[in-house]
*Asks:* 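I'd like to ask some things about the structure below.
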Amino acid sequence: MINTYEMMFVLRPDLTQEQVNGQMRKYRDFLKENGAEKVSLEVWGKRRLAYPIQKFQEGIYILTYYTGDGSQVASMERDMRLGEEVLRYLTIKLDSDFDFEEKDIPSAPSTTSESPIELPTPAADSASTEEVSEEVEENTETPVEA
């Protein structure tokens with residue numbers, strides 16, 4: 001019987017982009033060789049861990065979906081447990097009605113940056129925000145006590 005599995009694994013944050021892509025290729029090929037039919041990998045990027053793991057405060061999160069008969073789970077987790085690159089992993093079996101698209105390995109974001117990621121704000125939005133804040137300041141009234 002074919003089941004769908006979701007696996008999240010966390011890689012060490014000191015790996016280079018090439019090493020992260022190499023690990024993703026390794027596990028994708030491992031799943032395909034062991035009978036997985038569809039494999040999809042998604043990079044969530046470097047995120048802060050809830051607690052330190054092997055003295056690391058951050059990790060690179062990879063989300064994987066695959067279909068298979070279940071024989072891949074134990075061998076995959078054993079390989080991750082023995083490897084030094086994977087800090088944590090978790091595999092869960094999903095409902096039979098879950099469907100996903102098979103994706104090729106995305107390029108991992110650069111992991112050498114130490115600064116936090118900031119979302120760009122368009123200049124037009126910042127101008128309209130300033131206008132709104134000025135209007136709010138003009139419309140504020142002080143309450144009158146009776």
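Computed from a predicted model, the values in this text were never measured in an experiment. Below, all heavy atoms of this structure are taken into account, side chains as well, without hydrogens, waters or symmetry copies.
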*Asks:* What are the two closest heavy atoms between L15 and I60, and how far apart are they?
*Replies:*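 Nearest heavy atoms, L15 then I60: O-CD1, 4.4 Å.
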*Asks:* Would a 4.5 Å heavy-atom cut-off, applied to side chains only, mark R12 and E84 as touching?
*Replies:*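 Side chain of R12 against side chain of E84, heavy atoms only: contact under 4.5 Å found.
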*Asks:* Between L11 and Q23, which heavy-atom pair has the shortest distance, and what is it?
*Replies:*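 So the minimum-distance heavy-atom pair works out to CD1-CB, 4.2 Å.
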*Asks:* Which residues pass the ring pair (Phe, Tyr, Trp, His ring centres under 6.0 Å) test with Y65, not counting sequence neighbours?
*Replies:*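 Residues passing ring pair (Phe, Tyr, Trp, His ring centres under 6.0 Å) with Y65: F98, F100.
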*Asks:* Side-chain contact test, heavy atoms from C-beta onward, threshold under 4.5 Å: evaluate it for Q54 versus L87 and give yes or no.
*Replies:*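 Heavy-atom side-chain distance check passes, below 4.5 Å.
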*Asks:* Which heavy atom of E6 sits nearest to which heavy atom of L94, and what is that distance?
*Replies:*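 The pair with the smallest heavy-atom distance is CB-CD1, 3.9 Å.
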*Asks:* Are the side chains of V73 and M76 in contact, using a 4.5 Å heavy-atom criterion?
*Replies:*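 No, every pair of side-chain atoms sits at 4.5 Å or beyond.
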*Asks:* Between F56 and L49, which heavy-atom pair has the shortest distance, and what is it?
*Replies:*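 For F56 and L49, the tightest heavy-atom pair comes out as O-CD1, 3.5 Å.
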*Asks:* Which atom pairs, one a donor and one an acceptor, fall under 3.5 Å between side chains of residues 30-37 and the rest of the protein, sequence neighbours left out?
*Replies:*
from	atom 1	to	atom 2	distance (Å)
K32	NZ	E37	O	3.3
K32	NZ	E102	OE2	2.6
N34	ND2	F30	O	2.9

*Asks:* Assess whether side chain to side chain contact (heavy atoms under 4.5 Å, CB included) is satisfied between I62 and M24, documenting all intermediate values.
*Replies:* CA-CA 8 Å; I62 311 292; M24 291 177 11; 3.6 Å; yes
*Asks:* For T4, does its backbone N or O pair with a side-chain atom of T67 as donor and acceptor, under 3.5 Å?
*Replies:*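 No, because the side chain of T67 does not come within donor-acceptor range (under 3.5 Å) of the backbone of T4.
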*Asks:* Minimum heavy-atom separation for K46 to E58, with atom names?
*Replies:*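 For K46 versus E58, the nearest heavy atoms are CD-OE1, 3.1 Å.
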*Asks:* Assess the residue pair V86 and V10 against the criterion (side chain to side chain contact (heavy atoms under 4.5 Å, CB included)); give the C-alpha distance rounded to whole Å, side-chain angles, the decisive distance to 0.1 Å, and a yes or no.
*Replies:* CA-CA 6 Å; V86 179; V10 182; over 6 Å; no
*Asks:* Please report the closest heavy-atom contact between L63 and M8, naming both atoms and the distance.
*Replies:*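 Where L63 meets M8 most closely, the heavy atoms are CD1-CE, 3.9 Å.
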*Asks:* Using atom types as modelled and distance alone, determine if a side-chain donor or acceptor of Q72 lies under 3.5 Å from a backbone N or O of G70.
*Replies:*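 The answer is yes, because a donor-acceptor pair under 3.5 Å joins these two groups.
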*Asks:* Could you list all the ring pair (Phe, Tyr, Trp, His ring centres under 6.0 Å) pairs where at least one residue sits in residues 3-23, not counting sequence neighbours?
*Replies:*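 The answer is Y5-Y66, F9-Y27.
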*Asks:* Considering only heavy atoms from C-beta outward, does the side chain of N3 approach that of D69 to under 4.5 Å?
*Replies:*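 Not touching, per the 4.5 Å side-chain cut-off.
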*Asks:* Establish, from distance only, whether the side-chain atoms of T91 and E77 form a donor-acceptor pair under 3.5 Å.
*Replies:*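 There is such a pair (donor and acceptor under 3.5 Å, judged by atom type) between the side chains of T91 and E77.
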*Asks:* For residues Q19 and E85, determine if any side-chain heavy atom of one lies less than 4.5 Å from a side-chain heavy atom of the other.
*Replies:*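 Counting from C-beta outward, Q19 and E85 never come under 4.5 Å.
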*Asks:* Membership question, hydrophobic clusters at under 4.5 Å side-chain separation (ILVMFWY): are Y61 and I92 in the same one?
*Replies:*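 I92 and Y61: one cluster.
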